Participant: 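Got a structure here, written out as structure tokens. Questions coming.
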Amino acid sequence: MARVPLLDVEDSPALMELTDRIRAARRGRVINVYRLLLHSPPLAETWFEHNNAVRWQTGLDGRLRETVIIRIGYLARARYVVGQHVPKLALAEGLTLGECEALKEWQGSDLFDERTRAVLAYTDAMTRDIEVPDTVFEPLRQYFDDRGIVELTVLIGTYAMHVRVFEALKLDPEAG
């Protein structure tokens with residue numbers, strides 16, 4: 001159970017403009033993360049805008065984006081993140097259920113190409129250790145330009161923040 005109660009947004013006419021924008025971008029629903037964050041409307045709004053930019057306004061392909069998000073979810077044991085992305089979003093971006101499962105321990109899997117393995121090593125280092133060794137960073141340069149590296153880094157940092165907030169506040173998975 002969430003440590004902070006989820007708001008019933010239907011009872012909050014003052015939040016209608018923001019909740020309508022959230023619904024429009026989230027398959028017609030105000031998902032639990034926003035029902036939690038709407039305790040602070042300015043934070044909910046900036047989270048929404050930032051998350052939309054990170055997910056939809058970069059040059060990163062959706063398959064890679066979902067790979068990173070799911071890996072971070074597994075690293076943090078964040079049921080909310082994994083549940084939100086597997087299977088629906090992952091499959092829509094071209095991942096298989098086998099690949100999603102293999103992301104738990106990707107190093108021993110032959111399902112990922114060298115580009116994805118470099119990204120996963122970077123994701124692990126940023127998420128687990130914060131400081132990234134040159135031996136992990138440098139392989140990214142053969143697959144990404146400077147913009148791509150910045151976008152990848154911000155994606156990883158964003159979801160590292162997400163899992164920390166979700167786990168600290170015990171955010172409940174979506175019903176159904």
Side-chain angles (χ1 to χ4, degrees), residues 7 9 15-76 78 80-96 99-100 103 106 112-127 130 132 136-167 169 171 173-174:
L7 290 178
V9 295
L15 299 174
M16 189 178 304
E17 181 183 330
L18 179 54
T19 58
D20 285 350
R21 286 180 34 227
I22 292 168
R23 275 189 190 90
R26 297 294 180 271
R27 299 177 296 253
R29 300 175 43 228
V30 178
I31 59 177
N32 287 355
V33 63
Y34 294 106
R35 293 180 59 213
L36 176 80
L37 291 172
L38 281 163
H39 282 284
S40 174
L43 290 180
E45 185 167 22
T46 60
W47 184 292
F48 176 73
E49 295 299 333
H50 177 78
N51 202 45
N52 284 343
V54 166
R55 290 189 63 206
W56 313 120
Q57 297 173 22
T58 72
L60 300 175
D61 64 89
R63 178 183 172 82
L64 185 70
R65 182 186 65 243
E66 288 302 312
T67 298
V68 166
I69 293 168
I70 294 163
R71 177 60 183 162
I72 292 168
Y74 284 139
L75 284 171
Y80 185 84
V81 170
V82 174
Q84 281 295 100
H85 291 266
V86 177
K88 194 170 186 176
L89 297 175
L91 295 178
E93 294 295 354
L95 287 166
T96 66
E99 288 169 318
C100 291
L103 285 170
W106 64 269
F112 305 108
D113 62 21
E114 290 305 311
R115 175 181 180 256
T116 304
R117 295 178 79 75
V119 166
L120 288 168
Y122 189 55
T123 301
D124 285 7
M126 276 190 65
T127 304
I130 312 304
V132 178
V136 172
F137 182 82
E138 288 304 320
L140 296 174
R141 293 197 182 280
Q142 67 188 52
Y143 304 108
F144 299 95
D145 60 13
D146 291 341
R147 178 182 175 154
I149 289 172
V150 168
E151 291 175 348
L152 176 62
T153 303
V154 172
L155 171 67
I156 295 166
T158 296
Y159 275 85
M161 176 189 68
H162 284 195
V163 297
R164 284 165 174 78
V165 171
F166 300 165
E167 291 305 301
L169 296 178
L171 181 61
E174 301 296 324

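All values reported here derive from a predicted model rather than from experimental measurement.
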Participant: Leu103 versus Leu120: any side-chain heavy-atom pair under 4.5 Å?
Facilitator: yes
Participant: Would you indicate whether the side-chain heavy atoms of Val154 and His50 approach each other to under 4.5 Å?
Facilitator: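 Contact flag for His50/Val154 side chains = yes.
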Participant: Between Leu64 and Val119, is any pair of side-chain heavy atoms under 4.5 Å apart?
Facilitator: yes
Participant: Nearest 0.5 angstrom please: Thr127 OG1 to Tyr159 OH, how far?
Facilitator: 13.0 Å
Participant: Give the minimum heavy-atom separation between Ile70 and Ala90, together with the two atoms involved.
Facilitator: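 For Ile70 versus Ala90, the nearest heavy atoms are CD1-CB, 3.6 Å.
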Participant: Taking atom OG1 of Thr67 and atom CH2 of Trp106, what is their separation to the nearest 0.5 Å?
Facilitator: 12.0 Å
Participant: So which heavy atom on Gly148 is nearest to which on Leu60, and how close?
Facilitator: O-CD2, 4.1 Å
Participant: Show your working on side chain to side chain contact (heavy atoms under 4.5 Å, CB included) between Leu155 and Ile69 and close with a plain yes or no.
Facilitator: CA-CA 8 Å; Leu155 171 67; Ile69 293 168; 4.2 Å; yes
Participant: For the CD atom on Glu138, are there more than 12 heavy atoms of other groups (residues, nucleotides or ligands in this structure) within a distance under 6.0 Å?
Facilitator: yes
Participant: Please find the pair of heavy atoms, one from Tyr74 and one from Cys100, that lie closest to each other, and give the distance.
Facilitator: CE1-O, 3.1 Å
Participant: When you look at CE of Met161, are more than 12 heavy atoms from neighbouring residues, nucleotides or ligands closer to it than 6.0 Å?
Facilitator: yes
Participant: Starting at CD1 of Ile31, measure out to CG of Leu36 and round the result to the nearest 0.5 Å.
Facilitator: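 Answer for the CD1-CG pair, Ile31 versus Leu36, is 11.0 Å.
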Participant: Nearest heavy-atom pair of Gly73 and Val81: which atoms, and what distance?
Facilitator: CA-CG1, 4.0 Å
Participant: For Val9, which of Ile22, Val30, Asp20 qualifies under side chain to side chain contact (heavy atoms under 4.5 Å, CB included)?
Facilitator: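 That would be Val30; it is the only one of Ile22, Val30, Asp20 passing the side chain to side chain contact (heavy atoms under 4.5 Å, CB included) with Val9.
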Participant: Determine the minimum heavy-atom distance between Ala78 and Val163, stating which atoms define it.
Facilitator: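 Here Ala78 and Val163 meet closest at CB-CG1, 3.7 Å.
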Participant: Has Arg164 got a side-chain atom pairing as donor or acceptor with Ala160's backbone, closer than 3.5 angstrom?
Facilitator: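 Between the backbone of Ala160 and the side chain of Arg164 there is a qualifying donor-acceptor contact (under 3.5 Å).
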Participant: Quick check for you: to the nearest 0.5 Å, what is the distance between Asp145 atom CG and Leu140 atom CG?
Facilitator: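 Between atom CG of Asp145 and atom CG of Leu140 there are 11.5 Å.
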Participant: Provide the full list of salt bridge (Lys or Arg N to Asp or Glu O under 4.0 Å) pairs with a residue in residues 82-92, sequence neighbours left out, each pair given once.
Facilitator: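 Residue pairs passing salt bridge (Lys or Arg N to Asp or Glu O under 4.0 Å), neighbours aside: none found.
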Participant: What salt bridge (Lys or Arg N to Asp or Glu O under 4.0 Å) pairs are there with at least one residue in residues 57-73, not counting sequence neighbours?
Facilitator: Arg55-Glu66, Asp61-Arg115, Arg63-Glu99, Arg65-Glu93, Arg71-Asp124
Participant: Does a side-chain heavy-atom distance below 4.5 Å link Trp47 with Val165?
Facilitator: yes
Participant: Judged by atom type as modelled, is there a donor-acceptor pair below 3.5 Å linking the side chain of Ser40 to the main-chain atoms of Leu37?
Facilitator: no
Participant: Salt bridge (Lys or Arg N to Asp or Glu O under 4.0 Å) with Asp146: which residues, sequence neighbours excluded?
Facilitator: Arg141
Participant: Under 3.5 Å, is there a donor-acceptor pair linking the side chains of Thr19 and Tyr34?
Facilitator: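 Looking only at side-chain atoms, Tyr34 and Thr19 do not form any donor-acceptor pair under 3.5 Å.
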Participant: May I ask you to test the His162-Asn51 pair for a side-chain heavy-atom distance under 4.5 Å?
Facilitator: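 In contact.
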Participant: Is there side-chain contact between Thr153 and Phe144, with at least one heavy-atom pair below 4.5 Å?
Facilitator: no
Participant: To the nearest 0.5 Å, how far apart are OG1 in Thr123 and CG in Leu75?
Facilitator: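 Thr123 atom OG1 to Leu75 atom CG measures 8.0 Å (nearest 0.5 Å).
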Participant: At their closest point, which heavy atom of Pro41 faces which heavy atom of Leu18, and how far apart are they?
Facilitator: O-CD2, 3.9 Å
Participant: A side-chain contact here means heavy atoms from C-beta on lying under 4.5 Å apart; do Leu152 and Thr58 qualify?
Facilitator: no
Participant: Find the distance between OH (Tyr80) and CZ (Phe166) and round it off to the nearest 0.5 Å.
Facilitator: 6.0 Å
Participant: Applying the salt bridge (Lys or Arg N to Asp or Glu O under 4.0 Å) test to Glu174, which of Arg29, Arg26, Arg27 qualifies?
Facilitator: Arg29
